[in-house]
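Reading through the structure tokens given below for one structure.
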Protein chains: 2
Amino acid sequence: MKLNELKAIKLAELFSALSDASRIRLISLLLEGEKSVRALADGLGMTESAVSHQLRGLRQMHLVRTRKSGRQVFYSLDDDHVSRLFTLGLDHVQHG
Amino acid sequence: MKLNELKAIKLAELFSALSDASRIRLISLLLEGEKSVRALADGLGMTESAVSHQLRGLRQMHLVRTRKSGRQVFYSLDDDHVSRLFTLGLDHVQHG
DNA sequence: TGAATATATGAACAAGTATTCATATGTTAC
DNA sequence: GTAACATATGAATACTTGTTCATATATTCA
């Protein structure tokens, strides 16, 4: 596979973004469709601040994108890589 | 997707196992086929101890399996989920 | 304008993690 | 048996990370 160090780091960063139960649950909510920060915080029983901090990381990894409407910011999954990684991972956890 | 907390944790643990550049490079070496601890350590420029510690985590997540032969232990990828996650992640990093 | 709402951000602390070093276990050769 | 080798493990340390709290920015409504 001949993976150079930079790509290894990038890949590790991608998986790091998925390596926390709170973020996994955020993503599982976003699989239902776009949601505001408050809706996500309510759905997970987290503070808006904590959710916002986590979303920042997901944004930086291009796993989610935002749409602003008034004073709300709606988050949604950025592309289908995310849901495919999610599904594949879940598959491994359930059977593997 | 209705993900309960336990599954979220399991999934996060799976991705945690992939969330470190050293482990990513270990896996990229194992994509070439099974290798001994020493071969992996040499290939990555890490100590055998560090590699052994990391392999332990990958073993616990069922991402790699072992075959013992004499005093050597050969590691290989456990199932194709691993390489599929790896490839899908790489795809996201390179294009996304 | 000012108050209320929604989100973002910085600092600080607690909890988790990767590596190193020393040591232990298990295997082969003599 | 002992010596040498391959791997594993425990403890310690340095580094990273998630949450909380306080505060900042931005938008709407009166």
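A, B, ... follow the sequence lines: proteins, then strands. Residue 1 opens every chain. Just so we're clear, the structure is a prediction, and the values are computed from it rather than from any experiment.
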ask   = Of all heavy-atom pairs between L58(B) and R23(B), which one has the smallest distance, and what is that distance?
value = CD2-CD, 3.8 Å

task = Give Y75(A) one of three labels, base, sugar-phosphate or nothing, depending on what nucleic acid heavy atoms sit under 4.0 Å from its own.
result = sugar-phosphate

query = Given dT5(C), is OP1 or OP2 found less than 4.0 Å from the side-chain N or O atoms of Q72(A)?
reply = no

remark   = From CZ of R71(A) across to P of dT27(D) the rounded distance in Å is 11 Å

request  = Over 60° means perpendicular and under 30° means parallel, so classify the ring planes of H92(B) and H81(A), tilted if in between.
outcome  = perpendicular

ask   = Between atom CG in D20(A) and atom P in dA15(C), what is the gap in whole Å?
value = 16 Å

note = Quick note, K68(A) side chain, CB onward, closest among dG10(C), dA26(D), dT7(C) is dA26(D)

message = Looking at every non-hydrogen atom in both residues, tell me the closest pair between L55(B) and V64(B) and how far apart they are.
response = O-CG2, 4.2 Å

request  = Scan side-chain atoms only and decide if R67(A) and Y75(A) contain a donor-acceptor pair under the 3.5 Å cut-off.
outcome  = no

task = Return no unless some side-chain N or O of S22(B) is found under 4.0 Å from OP1 or OP2 of dT19(C).
result = yes

query = Roughly how many Å is it from CZ in R25(A) to C1' in dG18(D), rounded to a whole number?
reply = 14 Å

request  = Identify whether any heavy atom of E48(B) sits under 4.0 Å from a base atom; if not, whether one sits that close to sugar-phosphate; answer base, sugar-phosphate or nothing.
outcome  = base

key: Distance test, side-chain N/O of R56(A) to OP1/OP2 of dT19(D), below 4.0 Å   = no

message = I'd like to know whether NZ of K35(A) has more than 12 heavy-atom contacts from other residues, nucleotides or ligands below 6.0 angstrom.
response = yes

remark   = To the nearest angstrom, the CG-P distance between L40(A) and dA8(C) comes to 10 Å

ask   = What integer distance in Å separates L55(B):CG from dT17(C):P?
value = 17 Å

request  = May I have the distance from Q54(A) (atom CD) to dT7(C) (atom P), rounded to whole angstrom?
outcome  = 16 Å

Toward the 5' end of DNA chain D, by each residue's nearest nucleotide, S69(A) or R38(B) = R38(B)

message = If stacking means aromatic ring centre less than 5.5 angstrom from the base's six-membered ring centre, planes under 30°, is H53(B) stacked on dT9(D)?
response = yes

query = Would you say the base of dT9(D) and the side-chain of S49(B) have a donor-acceptor pair closer than 3.5 Å?
reply = yes

query = Base, sugar-phosphate, or nothing: which does S36(B) touch, judged by heavy atoms less than 4.0 Å apart?
reply = sugar-phosphate

key: Distance-only donor-acceptor test, T47(B) side-chain atoms vs dC21(C) base atoms, 3.5 Å   = no

query = What's the CG-P distance between L44(A) and dT20(D), to the nearest Å?
reply = 12 Å

